[in-house]
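See structure below.
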Amino acid sequence: MKSPWRLSLLLFVVFFLLLAAGCTGRVTTREVSPDEKVIYDEGYHFSDKKTIVADMVKSLLTKYPLDRATDRPVLIVYGIANRTSEHISTSAITDDIRQALLASGRVRFVNETQRENIQHETSYQYGGNVAAETRIARARQVGARYMLSGTLRSMEKDQPRQFRFKKKTLMYYSLNLELTDIQTGLIEWADSAEVIREASKPFIGW
Amino acid sequence: MCFSLFVNRTAGSRLLLAVGLVVLLNGCAGRLNKASQEYYAGQPREALALLEKGERFSSRNELLFLMEKGLVLHQLGNYRQSTEQLLQAAQLIDQFYFISLSEQATALATNDWLTRYKGEYSERLWVHSYLMMDYLLLGEYDSALVEAKQALKVLGRHQEALKDDYFTRALIALCFANLGEDNDAYLEYSKLARDLPDPAPVARDIVTLAGRLGMPDEVEKYRPYVVGPLAPESSELVLFVANGRIPRKQPGNFVLPPSIRFSFPYYQDQHTLQPWLRVDPPVAGMLAPVSTDMAVVAQSSLEARRVQIIARETARAAAKEALSQSVGKDHGSAAEIAVRLGLFLLEEPDVRCWQTLPGRLTLLRVPLSPGHHDLTLLVNGDTGGEQEIQLPDIELRAGQRVFRSIRL
């Protein structure tokens with residue numbers, strides 16, 4: 001009487017082992033378009049960066065003072081402070097903003113991160129090894145007119161504790177940017193871009 | 001009739017237990033124990049080599065390996081690599097909200113050693129404490145603040161169990177203050193002042209921040225606790241001082257005849273004294289240190305999980321009893337006895353824990369004038385003798401904070 005039961009158990013075990021073997025050791029990949037939104041959870045994703053950078057660049061170029069500027073004003077980027085609860089590379093945001101603004105042809109940027117190297121290279125050129133006629137002229141660097149700075153913030157709200165099978169989280173990101181006139185110290189432009197997302201994850205599974 | 005007794009293990013039963021566990025568990029736990037022994041023998045490099053040796057460790061102990069490795073790397077001054085390990089540990093902990101039914105079923109039929117180690121609430125917090133320290137030591141203050149916020153989430157979830165971790169709470173406040181987030185820093189310092197036995201170690205910060213935020217009543221309330229004149233914020237040296245070792249979890253057992261065995265882990269009642277710290281040459285206006293007895297927090301953390309442990313143990317005992325009776329019904333009393341014996345031996349409390357943690361963490365803040373400083377840290381430990389630690393040369397700009405980590 002017990003042999004059919006044993007046989008089914010054996011079949012089940014074999015089937016399970018085959019299934020498990022099939023699930024391991026294979027890596028699948030697919031190409032993702034830069035415009036495609038791929039979101040796994042409530043956290044910060046590369047598509048968020050794309051959205052907020054596009055919003056900010058549009059606002060900068062269409063509002064005072066850059067909309068009226070005809071002399072390609074010089075900007076310096078002073079970084080975006082990360083005040084979220086995630087390790088987000090905010091320099092990637094400033095890099096993208098700088099790239100998009102440069103591509104517009106309406107502004108120029110001082111390379112603040114390369115200042116030490118510029119100084120080093122200039123000193124080398126004046127160190128005696130470089131022909132005088134090919135040396136760069138000193139004191140010709142361009143001073144920045146505006147300073148671009150900002151803060152990325154986040155707020156997280158978990159669903160209150162109660163009996164449920166899913167964990168819901170609401171995430172809010174806001175990027176605040178400002179453009180300061182270095183000569184006057186006045187903030188000439190400020191704007192913000194927001195991303196709000198709700199995620200639901202199961203508590204229980206196999 | 002039911003009665004209870006504590007198990008008095010004989011050599012034979014110990015052997016059987018050991019054999020059973022060796023069969024059930026792989027060598028991961030042994031490797032962790034050896035690494036901890038090397039670490040406490042003053043050989044952190046050997047401990048690291050042991051943790052990095054051999055094949056990939058099992059997912060059951062993955063969190064332990066990451067935490068141990070992160071802390072050993074911190075001790076070796078490899079703060080960048082330490083953050084990499086501890087960030088992986090934090091990511092792993094984040095996944096533990098998900099309950100795997102297959103894992104729970106396995107644990108119900110055997111014991112908790114077969115489940116993934118999820119870390120005590122206190123250990124989950126200390127992953128962020130060490131990450132905060134690492135980032136501050138690396139000068140990455142934005143990242144330290146990210147970890148401070150993560151630590152706040154853990155503290156919020158297990159408020160009562162973790163409230164005595166004054167060190168981590170002071171570190172969180174410092175991360176906020178360090179980036180000029182005055183309001184958040186003030187909130188954390190004032191919550192800490194309410195819970196500390198004496199608010200003196202944080203009174204000066206509260207008075208300064210409350211003054212800037214326009215709260216004269218708070219300034220008046222905490223000014224009497226400020227020792228010496230209230231100087232404007234100067235540069236300072238911040239020392240993270242670790243001493244002693246955290247007690248290890250011990251196996252506790254409780255038996256109900258004929259073969260029901262409840263097992264539970266507990267922490268030994270072993271505490272580490274706060275070292276008496278001074279700097280030479282002496283510095284005026286030094287704040288009283290903020291210190292955490294890690295054993296106290298670990299004990300209250302395990303205590304907070306007690307109900308959960310009892311519920312799981314009861315369910316397991318019921319499942320094992322049902323299984324034994326069912327085998328007895330189908331195959332006779334000899335088979336039932338064998339199954340009962342096997343299940344009895346299989347029941348083992350999960351005593352896994354983060355072993356390289358210190359027994360105490362102390363935050364010492366030394367106000368210094370801008371410029372070059374050559375300081376010695378004088379330590380009076382619980383053994384009575386004075387220890388001199390030469391601090392590396394410190395160069396400070398006005399208003400700058402520098403951070404150093406020391407394990408005594």
Side-chain angles (χ1 to χ4, degrees), chain A residues 1-2 5-6 12-13 16-17 19-20 23-25 40-44 78-94 149-173 175-176 199-206, chain B residues 56 59 80 83-84 86-91 94-107 115-116 118 127-128 131-132 134-135 138-159 172 175-185 330-331:
Chain A
M1 282 299 281
K2 280 182 183 174
W5 183 84
R6 277 186 187 159
F12 176 75
V13 169
F16 186 80
L17 286 174
L19 191 71
C23 289
T24 56
Y40 299 114
D41 54 32
E42 75 280 10
Y44 182 84
Y78 258 76
I80 295 172
N82 178 15
R83 295 292 175 271
T84 69
S85 48
E86 289 166 69
H87 293 283
I88 296 171
S89 164
T90 54
S91 58
I93 300 174
T94 50
S149 58
T151 310
L152 181 66
R153 294 185 187 280
S154 72
M155 274 200 295
E156 187 181 335
K157 192 76 191 160
D158 285 333
Q159 202 180 20
R161 278 173 179 266
Q162 61 193 54
F163 182 77
R164 58 177 190 271
F165 294 106
K166 285 191 170 180
K167 178 193 178 195
K168 274 191 178 176
T169 310
L170 196 65
M171 204 72 197
Y172 167 83
Y173 293 99
L175 173 69
N176 295 279
S200 179
K201 289 186 252 180
F203 266 127
I204 301 171
W206 287 101
Chain B
R56 199 174 168 274
S59 65
R80 172 67 56 210
T83 59
E84 286 163 14
L86 294 172
L87 279 176
Q88 282 186 52
Q91 280 168 6
D94 269 352
Q95 294 165 13
F96 291 151
Y97 76 91
F98 182 81
I99 300 163
S100 160
L101 291 177
S102 54
E103 188 183 77
Q104 295 302 315
T106 313
T115 61
R116 290 172 301 165
K118 297 184 174 71
V127 166
H128 298 297
L131 275 168
M132 269 188 275
D134 281 342
Y135 281 124
L138 287 166
E140 295 177 12
Y141 304 135
D142 276 12
S143 297
L145 187 60
V146 167
E147 290 307 321
K149 289 179 178 179
Q150 294 291 340
L152 274 177
K153 280 192 210 171
V154 182
L155 278 166
R157 278 197 287 269
H158 313 289
Q159 227 159 0
I172 291 169
C175 287
F176 279 115
N178 205 36
L179 284 169
E181 297 283 325
D182 286 357
N183 197 48
D184 290 305
D330 290 350
H331 303 283

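We name chains A, B, ... by the order of the sequence lines, and we start the count at 1 in each one. Just so you know, these numbers come straight off a predicted model, no measurement behind them.
The salt bridge (charged side-chain N to carboxylate O under 4.0 Å, His left out) check on A/Arg83 picks up B/Asp142, B/Glu181, with sequence neighbours excluded. For B/Asp182, the salt bridge (charged side-chain N to carboxylate O under 4.0 Å, His left out) partners at least two apart in sequence or on another chain are B/Arg212.
Shown here is B/Lys153, whose NZ atom has more than 12 heavy atoms of other residues, nucleotides or ligands within 6.0 Å.
Proximity to chain A is absent for every atom of B/Leu152, based on heavy atoms less than 4.5 angstrom apart. Contacts of B/Tyr135 with chain A are made by side-chain atoms alone, with heavy-atom separations under 4.5 Å and no backbone atom involved.
Of all non-hydrogen atoms in A/Thr84 and B/Lys149, the two that sit nearest each other are O-CD, 3.5 Å.
A distance-only check finds a donor-acceptor pair linking the side chain of B/Gln150 to the backbone of A/Ser85 [under 3.5 Å].
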